[in-house]
Number of protein chains: 2
Amino acid sequence: MGRPKQFDEEAAVAQAMEVFWTKGYAGSSPAELAEAAGIGKGSLYHAFGSKRELFGRALSLYDRAGAELTEEFLSGPGTAKERIRAYLRLLVDADFDAPVRRGCLAVNTALELGGRDAEATAAVRRSVERSTDLLAARIERGKLAGDVPASVDAAEQARFLMVTVAGLRVAARTFDRETVHAAIDTAVAPL
Amino acid sequence: MGRPKQFDEEAAVAQAMEVFWTKGYAGSSPAELAEAAGIGKGSLYHAFGSKRELFGRALSLYDRAGAELTEEFLSGPGTAKERIRAYLRLLVDADFDAPVRRGCLAVNTALELGGRDAEATAAVRRSVERSTDLLAARIERGKLAGDVPASVDAAEQARFLMVTVAGLRVAARTFDRETVHAAIDTAVAPL
DNA sequence: CCGATATTTGACCTCTGGTTCAAGAAAAAG
DNA sequence: CTTTTTCTTGAACCAGAGGTCAAATATCGG
C-alpha cells in the first residue's frame with residue numbers, strides 16, 4: 001500500500017555511481033546526484049537516507065559489476081599471460097577511451113577516503129581481495145596447463161598484479177596510452 | 001619600506017602542504033590552511049592570491065623535497081636492486097609509520113585533480129618524469145657495475161617501477177604492511 | 001614626526017553543501 | 001469515498017566554503 005515508487009532504485013544507484021566515479025565523493029553534491037537520478041533531492045534522501053549511504057550502495061554495485069566483468073574476461077581462451085594482459089589493457093583502455101578520465105572507483109575511493117572512512121576502506125579491501133582471488137585462480141590454472149612457469153607463486157603474483165592495477169589506474173589519469181601499455185607488458189612478463 | 005612580513009612564506013607553504021597532503025585539495029579549507037600556517041585568512045590571501053595558487057606552491061615544494069630525498073637515497077651504497085628496494089620500502093614505511101595514512105601528495109593529486117586541472121596534472125607528470133629519470137640512471141649504473149642483468153631495459157623498467165610506486169601508495173592506504181612489502185619484493189625481482 | 005608603502009586581521013558577504021520538513025499526490029484497505 | 005500509508009517535491013535551514021575589504025599596524029625615507 002501507499003504510493004508506489006516512481007523510479008527504479010537500482011537505476012538511481014547506477015546513475016549516482018557514475019557521478020561519484022567521475023567527480024569523487026566530496027565532489028558530488030546531492031543536487032547533482034538527484035538530478036542524475038532524475039528525482040528530487042527529497043526523494044533521494046527518503047530512499048537512501050544520506051549521501052554516505054547512497055555512496056555505499058554505489059560502491060557495492062561497482063564491486064558486483066566489476067567482479068562479473070573480471071570473471072568473464074579471465075575465463076576467455078588463451079594462456080594466463082595473454083588473458084591477464086588483455087584484462088589489464090581492457091581496464092586502462094576503458095579509461096583512455098572514456099570521454100572523461102575517471103580511473104577506478106575503488107582506487108579513487110581508497111585514496112579519497114582510505115584511512116578516514118573505515119567502512120569504505122573495508123569495502124575496497126574486500127573488493128580487491130575478490131579480484132586477487134580470481135587472478136590467483138587464473139594463474140594457478142595456467143600453471144596446470146603448463147603455460148605459466150611452475151616457479152611462479154600464484155597468490156603472490158596475484159597480489160602484486162593488484163598493486164600494479166592500482167598503479168595503472170593512477171597512471172591512466174596522468175600519462176599517455178603507450179606508456180601505460182608498456183608498463184602492462186613489463187608487469188606480466190614474469191608469467 | 002612598508003610593514004615587513006611577520007611570517008616565513010616558505011614555512012607557511014610547508015604547513016599548507018601538510019594540510020593538503022592529509023586532507024586533499026577540496027578537503028582543505030582556507031580557515032584550516034591559515035590556522036596551520038599561523039596567520040589570518042586575509043594574510044594568506046594577500047600572500048598567495050588564492051587557494052589554488054597556494055596549492056601550486058605546495059606541490060612544487062613537495063616535488064623538490066621528494067626529488068632531493070630520492071636522489072640522496074638512490075645514491076647510497078649497494079646494488080641497484082638493494083637500493084631501489086630500500087627506497088620503495090622507505091616510501092611505504094613512511095606511510096605506515098605516520099600518524100595518519102596520507103599516501104603521496106603527487107599520487108593523491110593525480111587522482112583528485114587529474115584530467116580536471118591541467119596545470120596540476122602537468123606538475124605531477126613532471127615530478128614523476130624526474131623520478132623516473134633518477135631510477136633509470138640508477139639501474140643503468142647497476143648494469144655497468146654488473147649487478148643488474150644486461151637484458152634489462154633501464155628506461156622501461158624505471159617507468160614500470162613508477163607505476164608500481166603509485167600502486168604501492170594506494171595499497172598503503174588500504175592494506176597491511178606485510179602485503180605491501182611482499183609486493184615490493186616481487187616488483188624488484190627482475191633487477 | 002610625517003607621509004608613503006606594505007602587511008595583518010577579523011568582520012563580512014555570497015554561494016553552495018548536506019539535510020530536514022511540511023505539504024501535496026498516488027495507491028490500497030475499509 | 002475516506003482513511004491510511006507511502007512516496008514526491010520544492011522550499012527552507014544551518015553551517016561552512018572561498019574570497020573581499022576597511023581599518024589598524026608596522027617600517028622606512030625624508
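Chain letters run A, B, ... following the sequence lines, proteins first and then strands; every chain starts at 1.
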N/O-N/O pairs, protein side and nucleotides 19-21 of chain C side, under 3.5 Å:
| residue | atom | partner | partner atom | Å |
| --- | --- | --- | --- | --- |
| dT19(C) | OP2 | Y45(A) | OH | 2.7 |
| dT19(C) | OP2 | K51(A) | N | 3.2 |
| dT19(C) | O4 | K41(A) | NZ | 2.8 |

Checklist entry - Looking at CZ of R102(A) and CG of D95(A), how far apart are the two atoms once the value is rounded to the nearest 0.5 Å? => result 8.5 Å

Checklist entry - Does R141(A) have any side-chain hydrogen bond (donor to acceptor under 3.5 Å, both in side chains) partners at least two apart in sequence or in another chain, and if so, which? => result none

Checklist outcome for this item: Heavy-atom nearest pair, E9(B) first then A47(B), reads OE1-CB, 4.3 Å

Checklist entry - Using 30° and 60° as the class limits, which term best fits the ring planes of F20(B) and F55(B): parallel, tilted or perpendicular? => result perpendicular

Checklist entry - Do the rings of Y62(B) and W21(B) sit parallel, tilted or perpendicular, given the 30° and 60° boundaries? => result perpendicular

Item to check | H46(B) NE2 - dG10(C) C1' separation (whole Å) | outcome: 16 Å

Item to check | Outermost nucleotides of DNA chain D that come under 4.0 Å of a non-hydrogen atom of chain A | outcome: dT5(D) to dA12(D)

Next on the checklist: Assess, by modelled atom type and distance only, whether the side chains of T70(A) and Y87(A) contain a donor and an acceptor separated by less than 3.5 Å.
Outcome noted: yes

Item to check | Short side-chain donor-acceptor distance under 3.5 Å, D176(B) and T179(B) | outcome: yes

Checklist entry - What string of B, S and - do you get for nucleotides 24-30 of chain C, 5' to 3', when a contact is any protein heavy atom under 4.0 Å? => result BBBBS--

Checklist entry - Among all residues two or more places apart in sequence or in another chain, which pass the side-chain hydrogen bond (donor to acceptor under 3.5 Å, both in side chains) test with Q157(A)? => result none

Next on the checklist: By the 4.0 Å heavy-atom rule, please label F7(A) as base, sugar-phosphate, or nothing.
Outcome noted: sugar-phosphate

Next on the checklist: Pair D63(B), R126(B) - check salt bridge (Lys or Arg N to Asp or Glu O under 4.0 Å), show working.
Outcome noted: CA-CA 9 Å; D63(B) 176 36; R126(B) 276 197 303 277; over 6 Å; no

Next on the checklist: Please enumerate all residues that pass side-chain hydrogen bond (donor to acceptor under 3.5 Å, both in side chains) together with E156(B), with sequence neighbours excluded.
Outcome noted: T186(A), R159(B)

